[in-house]
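Remember, predicted model here, so these are calculated numbers, not experimental data. Letters A, B, ... are given to chains in the order of the sequence lines, protein chains preceding strands, and every chain is numbered from 1.
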Protein chains: 2
Amino acid sequence: MTGVSEPALDPETRLHSDHPEALRLWLRIFTCARTVERSVDQLLKREFGSSLARFDVLAQLERAPEGLRMGELSERTLSTNGNATWLVAALGREGLVRRRAAPEDGRAVLVRLTAAGRRHFATMAKRHEAHIVSCFAGLSAGERRTVHSLLGTVKDHLTARRKQPPNDHARDDRTTA
Amino acid sequence: MTGVSEPALDPETRLHSDHPEALRLWLRIFTCARTVERSVDQLLKREFGSSLARFDVLAQLERAPEGLRMGELSERTLSTNGNATWLVAALGREGLVRRRAAPEDGRAVLVRLTAAGRRHFATMAKRHEAHIVSCFAGLSAGERRTVHSLLGTVKDHLTARRKQPPNDHARDDRTTA
DNA sequence: GGCAATTGCTTGAATCTTGAACTACATGAT
DNA sequence: ATCATGTAGTTCAAGATTCAAGCAATTGCC
């Protein structure tokens, strides 16, 4: 007997549908993100001989006029230390970025945009923005805010999770171990 | 007291915030996607000596018991032809996947999971699912459905866009050209 | 049939990314 | 002061990814 409740609220159904739902959501986020990423990357390559990774570094530096340490930079670009070194070296060779020792810590390095870097970024950013706008033109402004806000919750959850990785699925998934 | 209307609804603000809004949304999607991607990739590397890219290939093949052509495969994994060749070669060396000529087209190659591949995938998939569930545990089931559905719209828009790339920003951005 | 254009895939070079080992500086306890 | 420990970045090798060029089978057209 299932009673008067709606199918979706049936406890058994919930247990079964709860998990695949998260999977489906992830798959969709993944698809959208990768599609846009690739189109942006191709755009930046085609029109500026650059790339999404480079653009991302420049964007982070643009927002930090005082410069960023390498560690901060790699954290904000969500990449590794080694990769940040590599990218900054490349951008440095192209004159878009300058490195100097941090005043208060001999180990640290401060990276800043050069004037040329700022100019180059501004050009790319304009094109980039137009592209992004067209990618998300399928949603209304309100819908965009909704997704933005809900993914904000996800982001916070992920950030909290990283600080203290709660063993992933420790409590109710012993059958896997 | 500013009255009943919210600041965000002011017309001038709207005009200005319309574009940056898409940018902010993109930035957030990008952040969430990359964070989850990296954590999944590390998980699969750490526990199975595999990677997200390999997992993705196996997942697509699992869904296609008849096998997939290389082209189909690279399309579904959102990667390039060359990369698909590379990945399938690696998975083939590990015995998880088998290649054979397509019956009706001598140029095409059909890729399928081997029994070992299916087993290996099942193990990883279990772990993977638990991980994903925990990543998105910050949202309620309803919220997950909302995001899933809205991003469905985005996905459709992107798919339509690809078929006939509408020049991106042709109408109102001549100043850039 | 035969030949040009197309299609499906592979190859190779260049680029990018990662993870782990390493250097150099900083800090704190003794 | 000295040493153990920790922290900021770099380096290097291996892996992954892209793009363009190439090859072989197929299709369409005459």
Undergrad: Spell out, yes or no, whether B:Leu113 and B:Leu110 are grouped together once hydrophobic residues are joined by side-chain heavy atoms under 4.5 Å, including indirect joins.
TA: no
Undergrad: Between B:Ser74 and B:Asn81, does any side-chain donor sit less than 3.5 Å from a side-chain acceptor?
TA: yes
Undergrad: So, does B:Thr114 use its side chain to make a donor-acceptor pair with the main chain of B:Gly95 at under 3.5 Å?
TA: yes
Undergrad: Any side-chain N or O of A:Thr80 below 4.0 angstrom from OP1/OP2 of C:dT18?
TA: yes
Undergrad: Distance check needed: C:dC9 P versus B:Leu87 CG, whole Å only.
TA: 15 Å
Undergrad: Do side-chain atoms of A:Arg28 reach the backbone of B:His148 as a donor and acceptor pair under 3.5 angstrom?
TA: yes
Undergrad: Are any of B:Arg69's side-chain N or O atoms less than 4.0 Å away from OP1 or OP2 of C:dT7?
TA: no
Undergrad: Starting from P on D:dA16, measure out to CZ on A:Arg34 and report it in whole angstrom.
TA: 13 Å
Undergrad: After noting the C-alpha distance and the side-chain angles of A:Arg46 and A:Leu43, does the key distance pass the side-chain contact (heavy atoms from CB on, under 4.5 Å) rule?
TA: CA-CA 5 Å; A:Arg46 191 176 350 112; A:Leu43 175 76; 4.1 Å; yes
Undergrad: So what does B:Arg54 touch, heavy atoms closer than 4.0 Å: a base, only the sugar-phosphate, or nothing?
TA: sugar-phosphate
Undergrad: Rounded to whole Å, how long is the line connecting atom CG of B:Asp41 with atom P of C:dC16?
TA: 19 Å
Undergrad: Nearest of D:dT10, C:dT15, C:dT18 to any side-chain atom of A:Trp86?
TA: C:dT15
Undergrad: Of the options D:dT17, D:dA25, C:dC9, whose atoms approach the side-chain atoms of B:Asp105 most closely?
TA: D:dA25
Undergrad: Considering only side-chain heavy atoms of A:Val109, which listed nucleotide, C:dT18, D:dT18, D:dT10, is closest?
TA: D:dT10
Undergrad: Reckon A:Asn81 has a side-chain N or O less than 4.0 Å from the OP1 or OP2 of D:dG9?
TA: no
Undergrad: Select base, sugar-phosphate, or nothing to describe what A:Ala84 touches, counting heavy atoms under 4.0 Å on all strands.
TA: nothing
Undergrad: Between C:dT15 atom C1' and A:Leu52 atom CG, what is the distance in whole Å?
TA: 14 Å
Undergrad: Starting at atom CE of A:Met70, determine the distance to atom C1' of C:dA24, rounded to an integer number of angstrom.
TA: 16 Å
Undergrad: Using atom CG of A:Leu91 as one end and atom P of C:dT15 as the other, report the distance to the nearest whole Å.
TA: 14 Å
Undergrad: Could you state the CZ-C1' distance from B:Arg46 to C:dG19, rounded to the nearest angstrom?
TA: 13 Å
Undergrad: What does B:Ser74 touch in the nucleic acid at a heavy-atom separation under 4.0 angstrom: a base, only the sugar-phosphate, or nothing?
TA: nothing
Undergrad: Can you identify which nucleotide, out of D:dT18, C:dT17, C:dC9, has its nearest atom closest to the A:Ala53 side chain?
TA: C:dT17
Undergrad: The side chain of A:Ser51 is closest to which nucleotide in this list: C:dG19, C:dC16, D:dG9?
TA: C:dC16
Undergrad: Would the base of D:dT26 count as contacting B:Arg107 through its side chain, where contact means a donor and an acceptor less than 3.5 Å apart?
TA: no
Undergrad: With a 4.5 Å limit on heavy-atom distance, are the side chains of B:Asp41 and B:Lys45 in contact?
TA: yes
Undergrad: With a cut-off of less than 4.0 Å, is there a side-chain N or O of B:Gln42 near OP1 or OP2 of C:dT18?
TA: no
Undergrad: For a quick check of understanding: with a heavy-atom distance under 4.0 Å over all strands, which category does B:Glu75 fall into, base, sugar-phosphate or nothing?
TA: nothing
Undergrad: Using a cut-off of less than 4.0 Å, is there contact between a side-chain N or O of A:Arg99 and OP1 or OP2 of D:dT10?
TA: yes
Undergrad: Scan B:Gly82 against the nucleic acid and name what it touches under 4.0 Å (heavy atoms): base, sugar-phosphate only, or nothing.
TA: base
Undergrad: What is the distance from CZ of A:Arg38 to C1' of C:dC16, rounded to the nearest Å?
TA: 14 Å
